[in-house]
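Accompanying notes for the structure given below.
Model, not experiment: these values are computed from the prediction.
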2 protein chains.
Amino acid sequence: MISGNLNVEIVVAVIAVVFFFIGVYLNKRSLNKQMNSSTEINYKKIEELEISKREYEVLLAISDGLSNKEIANKLFVSESTIKTHVSNLLVKLNAKRRTHALQIAKDLQII
Amino acid sequence: MISGNLNVEIVVAVIAVVFFFIGVYLNKRSLNKQMNSSTEINYKKIEELEISKREYEVLLAISDGLSNKEIANKLFVSESTIKTHVSNLLVKLNAKRRTHALQIAKDLQII
DNA sequence: AGCACTTTAGTACTTTAGTATGAATAGATT
DNA sequence: AATCTATTCATACTAAAGTACTAAAGTGCT
């Protein structure tokens with residue numbers, strides 16, 4: 001009788017643990033399908049768009065809300081240089097302005 | 001003996017279901033804490049910052065990458081009006097410019 | 001009606017952003 | 001060595017964004 005009760009308890013515990021992790025696993029899967037945000041960055045897309053390393057740094061700085069002058073200071077180059085990078089980014093992303101570039105970049109999951 | 005086996009099966013099933021949902025629930029909670037993106041919008045924060053309905057519409061339009069003129073057309077008002085809203089938004093969000101406002105708004109989870 | 005707040009809009013101005021163009025330099029590749 | 005690409009920077013623009021006011025009209029509330 002004692003060994004019988006122990007068996008039941010162990011079985012219950014195992015089932016609880018197993019189904020707990022099944023719940024966690026299935027939930028993670030379903031959530032990943034839903035939200036295509038906060039996912040990983042699509043590096044292939046960055047290459048595909050021929051966005052250079054420096055241009056990408058500028059793009060990230062834009063998404064931090066920095067001005068061209070602030071980006072220039074951060075990267076130790078002139079504001080002219082940043083303007084060039086931004087202009088090239090806008091062309092490559094087919095964006096009209098920096099906020100538009102951010103919207104597109106998020107959509108493409110490159111930031 | 002028969003009724004005894006049935007009870008065990010029912011108990012096992014109940015435990016399985018219960019722990020399955022506990023797994024789902026706890027997983028959802030832990031994921032929400034990690035990624036503060038793609039989560040729900042913090043409407044209390046919007047009120048707290050005293051951002052009006054119209055100002056919030058403008059904020060969303062900014063995050064869509066629209067220019068002041070485009071926002072004006074979309075909301076059927078003048079560009080002057082949009083400039084007023086944007087200026088007020090920048091003050092309320094303590095932002096230096098619209099891209100900075102977007103960064104802050106995302107951080108506060110109001111967009 | 002009176003009050004508070006939001007939304008609207010204007011003028012005049014300064015600051016940022018963005019375009020177009022040309023050019024120099026460094027690094028990697030052929 | 002010659003070529004290609006990325007990065008840098010400048011000048012001279014035009015366009016967009018943002019500030020600082022002022023003010024009128026609409027909305028909701030008491």
Side-chain angles (χ1 to χ4, degrees), chain A residues 41-108 110-111, chain B residues 41-108 110-111:
Chain A
I41 286 165
N42 193 344
Y43 292 105
K44 289 164 196 163
K45 199 81 197 174
I46 298 175
E47 286 182 53
E48 195 182 313
L49 293 171
E50 296 180 62
I51 292 173
S52 75
K53 200 173 286 181
R54 204 55 159 168
E55 284 163 356
Y56 188 65
E57 287 185 272
V58 171
L59 181 59
L60 293 180
I62 290 173
S63 94
D64 282 339
L66 303 185
S67 70
N68 289 338
K69 196 167 283 176
E70 287 170 337
I71 299 171
N73 289 147
K74 189 181 179 183
L75 301 183
F76 305 106
V77 294
S78 79
E79 195 185 343
S80 299
T81 303
I82 301 303
K83 284 189 178 188
T84 303
H85 290 320
V86 173
S87 265
N88 291 332
L89 270 170
L90 295 184
V91 171
K92 290 176 181 179
L93 287 169
N94 198 25
K96 291 182 189 169
R97 60 198 74 83
R98 53 172 62 209
T99 50
H100 193 198
L102 290 181
Q103 186 269 308
I104 293 169
K106 264 159 221 150
D107 194 55
L108 299 175
I110 64 176
I111 58 171
Chain B
I41 285 165
N42 193 344
Y43 291 105
K44 289 164 196 165
K45 199 81 197 174
I46 298 175
E47 287 182 50
E48 195 181 313
L49 293 171
E50 297 180 61
I51 292 172
S52 75
K53 200 174 285 181
R54 205 54 160 170
E55 284 164 354
Y56 188 64
E57 287 185 273
V58 172
L59 181 58
L60 292 179
I62 290 173
S63 93
D64 282 338
L66 303 185
S67 69
N68 289 338
K69 196 167 282 175
E70 287 170 338
I71 299 171
N73 289 147
K74 189 181 180 186
L75 301 182
F76 305 107
V77 293
S78 80
E79 194 185 344
S80 300
T81 302
I82 301 303
K83 285 189 176 190
T84 303
H85 289 320
V86 173
S87 266
N88 292 333
L89 270 170
L90 296 185
V91 171
K92 290 175 181 179
L93 287 169
N94 198 26
K96 291 181 188 169
R97 61 199 72 83
R98 53 172 62 209
T99 50
H100 192 198
L102 290 180
Q103 185 269 309
I104 293 168
K106 264 160 220 148
D107 193 56
L108 297 175
I110 64 176
I111 57 170

Sugar-phosphate atoms are those with a prime plus P, OP1 and OP2; base atoms are the rest. Using that split, label each nucleotide of nucleotides 5-12 of chain C B, S or - for protein heavy atoms under 4.0 Å, 5' to 3'. --SBBBB-

Let me check the geometry of the helix from dA1(C)-dT30(D) to dT30(C)-dA1(D). What is the bend angle between the axes at its two ends, five pairs each, to 10°? 50°

With sequence neighbours excluded, tell me which residues meet salt bridge (Lys or Arg N to Asp or Glu O under 4.0 Å) with E55(B). K92(B)

Within the 4.0 Å heavy-atom criterion, would you say S67(B) contacts the bases, only the backbone, or no part of the nucleic acid? sugar-phosphate

Which pair of heavy atoms, one from A101(B) and one from L90(B), lies closest together, and at what distance? CB-CD2, 3.9 Å

Between S87(A) and T84(A), do the side chains contain a donor N or O and an acceptor N or O under 3.5 Å apart? no

Mind checking salt bridge (Lys or Arg N to Asp or Glu O under 4.0 Å) for E79(A) and listing every partner two or more places apart, or none if nothing turns up? none

Smallest heavy-atom separation, N94(B) atom then I104(B) atom, equals O-CD1, 3.7 Å

Is any side-chain heavy atom of R97(B) closer than 4.5 Å to one of S67(A)? yes

Can you list everything that forms a salt bridge (Lys or Arg N to Asp or Glu O under 4.0 Å) with K45(B)? Sequence neighbours excluded, please. E48(B)

Y56(B) versus I51(B), closest heavy-atom pair with distance: N-CG2, 3.8 Å

Work out which heavy atom in I110(B) is nearest to a heavy atom in L59(B); give both atom names and the distance. CD1-CD2, 4.1 Å

Report the distance from atom NE2 of H100(A) to atom P of dG18(C), rounded to the nearest whole Å. 12 Å

When you look at E57(A) and R54(A), which way does the salt bridge (charged side-chain N to carboxylate O under 4.0 Å, His left out) test go after all the steps? CA-CA 5 Å; E57(A) 287 185 272; R54(A) 204 55 159 168; 2.9 Å; yes

Outermost nucleotides of DNA chain D that come under 4.0 Å of a non-hydrogen atom of chain B: dA17(D) to dT19(D)

